[in-house]
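Given the structure is predicted, the values throughout are model-derived calculations rather than measurements.
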Amino acid sequence: MNPDAIPQISLGTAALVIFAVCAGFVMLRGMTRMIVGTLVLALSSWIGFTAWRMAPEFSVETFGKSFGIVTTGLPVAAFLLAFFLLRKIAKTLASPFHSPPDPEQPPRTSTIRLAFRLLLALIPTSIIWLIGATFIHHTGSIAEIRAFAEESIGIGDPTPAKFSQRLKSSIDAALPESWLRKLDPLAQPDRLTLAKAITSRADKPLQPVIDPATGKPIPRAIIVDDPELQNLAREGKFGTLLRHPLLTQALNDPEIKALLKDLNL
């Protein structure tokens, strides 16, 4: 199925849809259960995303290189384990305060009660929307590298990548830059530029990289010729490439950060 054939909806419409679903759950299953369940999902997602960010560094430090079973399997395992444990903890803490409904007591319905539940539904709506926005933004950043790879060295299919890039652009327009730096720190412009520079070298022999601003070779410390990183680019593992600890080390060098601004990738 071509992603371009999927109807586009605005982020505001998506938020309204999520709100309607959450409001329905609040009224059908109880506002407390909905909020607690959302918090469990949010914490589990945060733990899984943190493991996603740290998995390549852990793999490199432990095994000397990035292994897919670690960089992908560890975040999935962390999310599932956190979700299972947090759900058990939430049920245990809530059980002493749970009492069965009194069949003789008529159900209470009022406009104020309904409005209060709808207001509380905004909490899980906001949390789920932010989780989804972070996922879309990070996926779109990987897609941006994939699209660049297709255009420059012919790796991958650009159609899904361009679709994800459009979604990412919507997130960029909807959320402040300061929020995006905190929600998705691995998708900052300097990091994307460095990942693209590495990708652009994946099909070329080792030669000096010329700084277009000065006409001089860029220092080898820029790591665009690192064999492991180039292998990741050639294999199309752009997500692992973007999270690799060598990129973090390189971006801590002010000279490299200054040079990246002139690459225009």
Side-chain angles (χ1 to χ4, degrees), residues 40-89 131 134-146 148-149 153 155-156 161 164 180-204 206 209 218-257 259-260:
V40 169
L41 175 62
L43 285 174
S44 302
S45 299
W46 179 80
I47 292 172
F49 187 63
T50 301
W52 171 266
R53 290 162 48 189
M54 298 175 62
E57 182 176 359
F58 173 78
S59 180
V60 170
E61 291 181 352
T62 305
F63 305 104
K65 62 178 298 185
S66 296
F67 285 103
I69 192 172
V70 177
T71 57
T72 302
L74 183 60
V76 172
F79 169 78
L80 294 176
L81 181 61
F83 184 79
F84 175 78
L85 292 178
L86 290 173
R87 191 163 175 265
K88 287 291 185 182
I89 293 172
I131 292 173
T134 303
F135 175 79
I136 291 172
H137 187 267
H138 191 79
T139 303
S141 299
I142 297 173
E144 184 176 335
I145 304 174
R146 181 174 290 109
F148 175 83
I153 60 177
I155 296 178
S164 298
L180 292 174
R181 282 199 301 267
K182 293 179 180 179
L183 290 172
D184 193 9
L186 295 182
Q188 297 308 302
D190 285 349
R191 197 177 189 96
L192 288 175
T193 300
L194 181 53
K196 290 178 183 178
I198 295 168
T199 300
S200 68
R201 305 280 296 161
D203 66 337
K204 298 180 177 66
L206 298 182
V209 183
I218 298 176
R220 281 308 209 196
I222 200 170
I223 67 169
V224 295
D225 291 328
D226 182 86
E228 181 181 354
L229 298 181
Q230 287 198 352
N231 284 335
L232 291 175
R234 278 191 290 267
E235 294 170 2
K237 298 179 179 179
F238 302 112
T240 304
L241 172 63
L242 188 62
R243 293 177 285 147
H244 202 284
L246 286 179
L247 271 69
T248 304
Q249 296 173 16
L251 290 173
N252 288 329
D253 187 337
E255 182 179 358
I256 292 177
K257 294 185 69 173
L259 290 170
L260 287 174

Just verifying a value: how many Å separate [X] [atom1] and [Y] [atom2], rounded to the nearest 0.5 Å?
{"X": "L232", "Y": "T199", "atom1": "CG", "atom2": "OG1", "answer": "9.5 Å"}
{"X": "I198", "Y": "T193", "atom1": "CD1", "atom2": "OG1", "answer": "11.0 Å"}
{"X": "L74", "Y": "W52", "atom1": "CG", "atom2": "CH2", "answer": "11.0 Å"}
{"X": "L246", "Y": "E228", "atom1": "CG", "atom2": "CD", "answer": "7.0 Å"}
{"X": "L247", "Y": "Q249", "atom1": "CG", "atom2": "CD", "answer": "9.5 Å"}
{"X": "L242", "Y": "K237", "atom1": "CG", "atom2": "NZ", "answer": "15.5 Å"}

Restricting to non-hydrogen atoms, name the atom on [X] and the atom on [Y] that form the minimum distance, rounded to 0.1 Å.
{"X": "P56", "Y": "T71", "value": "CA-CG2, 3.8 Å"}
{"X": "S141", "Y": "A187", "value": "OG-CB, 3.0 Å"}
{"X": "I47", "Y": "A78", "value": "CG2-O, 4.2 Å"}
{"X": "D184", "Y": "F49", "value": "OD1-CZ, 3.7 Å"}

Exercise. Do H137 and L180 come within less than 4.5 Å of each other through their side chains, counting heavy atoms only?
Worked result: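 In contact.
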Problem set entry | Flag for R243-T248: side-chain donor and acceptor within less than 3.5 Å |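 No, no side-chain donor-acceptor contact under 3.5 Å.
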Exercise. If only atom types and distance count, is the side chain of R181 paired as donor or acceptor with the main-chain N or O of Q188 below 3.5 Å?
Worked result: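 Flag not set: sc R181 to bb Q188 has no pair under 3.5 Å.
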Exercise. Parallel under 30°, tilted from 30 to 60°, perpendicular over 60°: which one fits the rings of F83 and F79?
Worked result: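 F83 and F79: parallel rings.
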Exercise. Counting heavy atoms not belonging to F67, are there more than 12 under 6.0 Å from its CZ?
Worked result: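 Yes, the 6.0 Å shell around CZ holds more than 12 heavy atoms from other groups.
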Exercise. Quick check: are there more than 12 heavy atoms from other residues, nucleotides or ligands sitting under 6.0 Å from CZ of R53?
Worked result: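 Buried by this count: over 12 neighbours within 6.0 Å.
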